[in-house]
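Each residue takes its place number in the sequence, starting with 1. Values below: all heavy atoms of this structure, side chains included; hydrogens, waters and symmetry mates excluded. None of the values given here were measured: they were computed from a predicted structure.
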Amino acid sequence: MDRPSYVFVCQHGSAKSVIASEHFRRLAVEHGLDVDVASAGTEPDAEIPPRVVEGLLGDGIDVRALAPRPATRAALQHASRIIAFGCDLRQVAPAGVPVERWDGVPAVSDGYARARDAILGRVRTLVHELRAPVRGG
C-alpha cells in the first residue's frame, strides 16, 4: 500500500505551506506516522523568504535547500489530502482528493511566531487525528 501523501498549499508556496509541511513532517516522524509531505503554491515565489527560513531555523528546521513548487494538477494527483491556506484549488485539485481549507491563519508578514503558532495548532490536531485509528500499538 502506498504511503499517504499530504500537500500543503498557499498562494506563494513559501510561507504558510512550508511552515505547515515542515512541522507536520517533524511531528509525523516523532509519532511514527509513515507519510509523504509536500508544500506548493498557486503562484509560487522564486524563494522562501528570509523571515520564514530564519523562523524555521529557530524551530530547528532547515529549509535553506528548498524552493517553492507550483500547485499543479500533476503535483497534486497522488495526494491523499490537500490542505489549502486561503486559496482556491478547484482548477487544479484532482477529483476525489479531499481539500481542507485552513483559512484565517495570520499572515507570516505580520509575525512569524503568531502564524507558526496558529499553523502548529492545526498541524498537531491533524497528527492527533491520524494517530487516533491506531489502537493497541
S.K.: Do Tyr6 and Ile119 share a hydrophobic cluster, counting only Ile, Leu, Val, Met, Phe, Trp and Tyr and linking them when any side-chain heavy atoms are less than 4.5 Å apart?
M.R.: yes
S.K.: How far apart are the closest heavy atoms of Val37 and Ser21, and which atoms are they?
M.R.: CG1-O, 3.4 Å
S.K.: Distance check, rounded to the nearest 0.5 Å: Gln77 atom CD versus Thr72 atom OG1?
M.R.: 8.5 Å
S.K.: In the single-linkage hydrophobic clustering (I, L, V, M, F, W, Y; side-chain heavy atoms under 4.5 Å), do Val9 and Val92 co-cluster?
M.R.: yes
S.K.: Grouping I, L, V, M, F, W and Y whenever their side-chain heavy atoms are under 4.5 Å apart, do Val35 and Leu76 come out in a common cluster?
M.R.: no
S.K.: Salt bridge between Arg51 and Glu54, side-chain N to carboxylate O under 4.0 Å?
M.R.: no
S.K.: Indicate if Val52 and Leu57 have the same hydrophobic cluster label, given that clusters are the connected sets of ILVMFWY residues with side-chain heavy-atom separations under 4.5 angstrom.
M.R.: yes
S.K.: In the structure I gave you, are the side-chain heavy atoms of Glu22 and Leu66 within less than 4.5 Å of one another anywhere?
M.R.: yes
S.K.: Just wondering, do Arg81 and Val7 contact through their side chains at under 4.5 Å, heavy atoms?
M.R.: no
S.K.: If you measure from CZ on Arg122 to CZ on Phe8, what distance do you get to the nearest 0.5 Å?
M.R.: 11.5 Å
S.K.: Set out, in order, the CA-CA distance, both residues' side-chain angles and the distance that settles side-chain contact (heavy atoms from CB on, under 4.5 Å) for Leu27 and Leu120, then state yes or no.
M.R.: CA-CA 10 Å; Leu27 286 172; Leu120 195 50; 4.0 Å; yes
S.K.: Are the side chains of Pro106 and Arg114 in contact, using a 4.5 Å heavy-atom criterion?
M.R.: yes
S.K.: For Tyr112 and Asp59, which I'm curious about, is there any donor-acceptor pair between the side chains at under 3.5 Å?
M.R.: yes
S.K.: Say you draw a straight line from CG of Leu126 to CD of Glu100; how long is it, rounded to the nearest 0.5 Å?
M.R.: 6.5 Å
S.K.: According to a 4.5 Å side-chain heavy-atom criterion applied to Ile, Leu, Val, Met, Phe, Trp and Tyr, with indirect links allowed, do Trp102 and Val108 form part of one hydrophobic cluster?
M.R.: yes
S.K.: Taking atom CD1 of Ile48 and atom NE2 of His12, what is their separation to the nearest 0.5 Å?
M.R.: 13.5 Å
S.K.: Going through the checks in order, is the side-chain contact (heavy atoms from CB on, under 4.5 Å) test met by Thr42 and Asp88?
M.R.: CA-CA 9 Å; Thr42 56; Asp88 181 6; over 6 Å; no
S.K.: Which distance, rounded to the nearest 0.5 Å, do you find between the CG of Leu130 and the CG of Asp34?
M.R.: 12.0 Å
S.K.: Keeping Arg73 on the side-chain end and Gln91 on the backbone end, is there a donor-acceptor pair under 3.5 Å?
M.R.: yes
S.K.: Where do Ser17 and Gly13 come nearest, in terms of heavy atoms and distance?
M.R.: OG-CA, 3.4 Å
S.K.: Quick one: closest heavy-atom pair of Ala15 and Cys10, and the distance?
M.R.: N-SG, 4.2 Å
S.K.: If we ignore hydrogens and angles and just use 3.5 Å, is the side chain of Asp45 paired with the main-chain N or O of Ser14 as donor and acceptor?
M.R.: no
S.K.: Locate the shortest heavy-atom distance separating Phe24 from Val123; write the atom from each residue and the value.
M.R.: CA-CG1, 3.6 Å
S.K.: If we ignore hydrogens and angles and just use 3.5 Å, is the side chain of His31 paired with the main-chain N or O of Arg131 as donor and acceptor?
M.R.: no
S.K.: With a 3.5 Å distance limit and no angle check, can you tell me whether Ser80 reaches the backbone of Ser5 through a side-chain donor-acceptor pair?
M.R.: yes
S.K.: Nearest heavy-atom pair of Ser39 and Arg69: which atoms, and what distance?
M.R.: O-NE, 3.7 Å
S.K.: Could you report the tightest heavy-atom contact between Lys16 and Ala107, atom names first, then the distance?
M.R.: CE-CA, 4.0 Å
